[in-house]
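Notes follow the structure.
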Amino acid sequence: MKGRWILHIDIDAFFAAVEKLLHPSLQGKPVIVGGLPHERGVVSTASYEARKYGVHSGLPLQKAYQLCPQGVFLRGNYQIYEAFSEKFFRLLSGYTPDTEKASMDEAYLDLTRCRILYPFFSRTLQEIHRRIQKELGLSVSIGAASNKLLAKLATAQAKPGGVVEIEPEREKEFLKNLDVENLPGVGPKAQAILRMLNVHKIGDLQGFPRATLHSLFGLNGKELYLQARGIDSRPVVTSSVPRSISRETTFLKDIWNQRLLLAHLAYLCDRLVLPLRQKGLFAHVIEVTARYSDFCTETRRKTLLTPLQERGEIFSAAHDLFLDLFPSSRNSLRLVGVKASELVEGKPLSLFEPYSPKQEKLGGAVEQVREKYGFGSLLTIREKMLEDLYTLKKDRGFVLKTASLTK
Amino acid sequence: MRFSINREDILRELQLMQGIVEKRSTMPILANILINVSENQIELAGTDLEVGLRTYFSGNIEETGSLTVSGKKIFEIVKSLSEGQNVTFKELEDLMMEVTSGESQFKVLCLSREDYPQIPEPKFEKNIVLPLEKVKKMIDRVYYAITQEQRYYLNGALMILNKGQMEMVSTDGHRLAYTSVPVENLNVEEEIKGIISKKTLGELKKMENDKLEYDLDENNLFFKVNNRTIISRIIEGKFPNYEAVIPKDNPNVLSVSREDITNAIRRVSLLSTERSKGVKFYIQKNQINLFSSNPEIGEARDKVEIEYEGKDIEVGFNSQYILDFLSNVQSEKIRMEIKDENNAVLMVPEVDDEIKYQYVLMPMKI
């Protein structure tokens, strides 16, 4: 194969598959992860058995229950999924260092640099497929092509559990007969416009000049022009500074008690600091989100001259922002979240406060204790309040509501 | 009110007013300027309540009076007229002003003069005269380290006058710029200190003359250049103890060509991250290796020869902060005095010009 060798690997119905692995009795049953049928929230993952009933991720749980009352509804366990995800990426990075984490269960691999190691490309694909099945017990779908766009489109064809390889000479043919909505640039809005123009297949779209697409869809149109031709020069990004890191949680029941809300916020800040420390990042902007029981959502943000990484400082900023939000509340809250953005890798030291490694050392010590004895082994008094609401697992901290699959 | 004047004579004054009047429309009258015509002179005044400007000039006065009118509009009108033409300003009834020149005629709405805020009146009794050209050079060297933030006392530069000496300091909490210059015939009985806002400093930079008269009262600083007076509200608050943070005896001293280090930092910082602009310095015997990386773009390295005998040091800096200093220095070589990667670094030109210049910079954890 000439050009680049890009693989896109996606775990099939990830959360549901892990649950089946842990509870073999669930095999063959429609498993729906995200919450219990009477709870609020949405479906995170539905097993293929459940998808037959029209259940898909993003669907409200109560709706999912109407469609599939016999489904097995689970709240799910984010930390276990994370552990599986880590194993998945560790296995993949054994093939090439050029591995991109697109999400928890989705990876891009660029084998171009290592192609000398894999003279039989198709065989390597089968081997990766087999090894993940054997070592993790999970089924994956693999797409291989000369760029990320085509590889991902190939994976969609391979699902579930298959391997689809698109040789360069087959690219045109492959694209031509795919439905336009397969392209990432075609959302529901663009789809409606294209329908009106009688464009259904990517092949139909290929006839449109660039200028026409531009006038129809703006900048997105230029992107579409390239996508329709299977052109995508985006590199596989191995490590990148994330744009932002956020943590949020929906409560089991709406909460009005301010102290309890702050306890949640403190815990989320604590969880937020972990990836910041691990990646050596400091945040210039802290943002707090509150969603009221009527689903109205408000955010407040603060830009800091000196970027923050330390737990206490981040919580203090989030605390002020939250108090700024909450007095205006007419309602109890159903969700709080905290987000760190404008991330930088360096922290300028201050002239007028002498450098003291105390906070840094404290943060480091907390991290070490947690690494050895588990996240839940060390909590602040404020965070301890949450013990009345959630199960505390020594190794993983509080079992909050399942987070979504997206990063 | 009625007067006429050569376009050029009033255009320059109106232009200066543009920097003063409020651009956001929080208080509409602050977007206006005051035109005050007395028997023997014409006065223009503008203010945003923090910084004000008064300017006096003569013209062909036919009738006294005063009014306020949009500073921006009147400037645009006068600017649009042909060069060298005479312009007549005339107050009409019902708060209108007429501007005529040649065949052109404008009628502009005014606001009542009574609503215009009082601009404090300076006396200039202390008889303090400063060399404006030197003051402007000092402003250049402290201007970039002034910040805009909640610690409002950092939103300006501190000016200190002593017998025979003038100093100016600014800091944003991560770096500090200090300048001082001897001033002949500066007779102040006791130290005079005041924080001058960034806006005022910017306006002072536009002034031209060799003398700057200075005065202050409880709330305001006054600067007079020729016919123009800048009135600047004193920024309250205690300026940080800058003397304490200027390192006195950092043991590791290196000397480097200003041009070499400037160019190398410019190159390497191309690949530093947008926001932090961090560049790592690996300082060893007679050389600095520079390194920066940005996971989304790549990395850059460079090497500069220096004169250095101290210990090996690995230290990160915000490259922009260093470039700010370097671009304000004339000296061929500069000196860096370093303690370690956690403490303030002193940067100075190896040869001072007429103005002493010290720059203190905190490292950055990269």
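First the proteins, then the strands, lettered A, B, ... as listed; each starts at 1.
- One distance of note links CG of L361(B) with CG of L349(A); it measures 10.0 Å at 0.5 Å rounding.
- For the set K365(B), R175(B), K277(B), M364(B), the count of heavy-atom pairs under 4.5 angstrom toward chain A peaks at K365(B).
- More than 12 non-hydrogen atoms from other residues, nucleotides or ligands lie less than 6.0 angstrom from CZ of R267(B).
- Other residues, nucleotides and ligands contribute only 12 or fewer heavy atoms inside 6.0 Å of the NZ atom of K238(B).
- Closest non-hydrogen pair, T171(B) versus F352(A), comes out as OG1-CE1, 3.5 Å.
- For K347(A), the NZ atom counts as densely surrounded, since its 6.0 Å shell holds more than 12 non-hydrogen atoms of other residues, nucleotides or ligands.
- Although no hydrogens or angles enter the test, the distance criterion places no donor-acceptor pair under 3.5 Å between the side chain of H174(B) and the main chain of L351(A).
- For N318(B), no part lies near chain A; criterion is any non-hydrogen pair under 4.5 Å.
- Summarising the local packing, NZ of K199(B) is surrounded by more than 12 heavy atoms from other residues, nucleotides or ligands at distances under 6.0 Å.
- By the neighbour-count criterion of 12 heavy atoms within 6.0 Å, atom NZ of K222(A) is sparsely surrounded, having that number or fewer from other residues, nucleotides or ligands.
- Taking chain A as the reference chain and counting heavy-atom pairs below 4.5 Å, the highest number among G316(B), P240(B), G278(B), A344(B) is found for P240(B).
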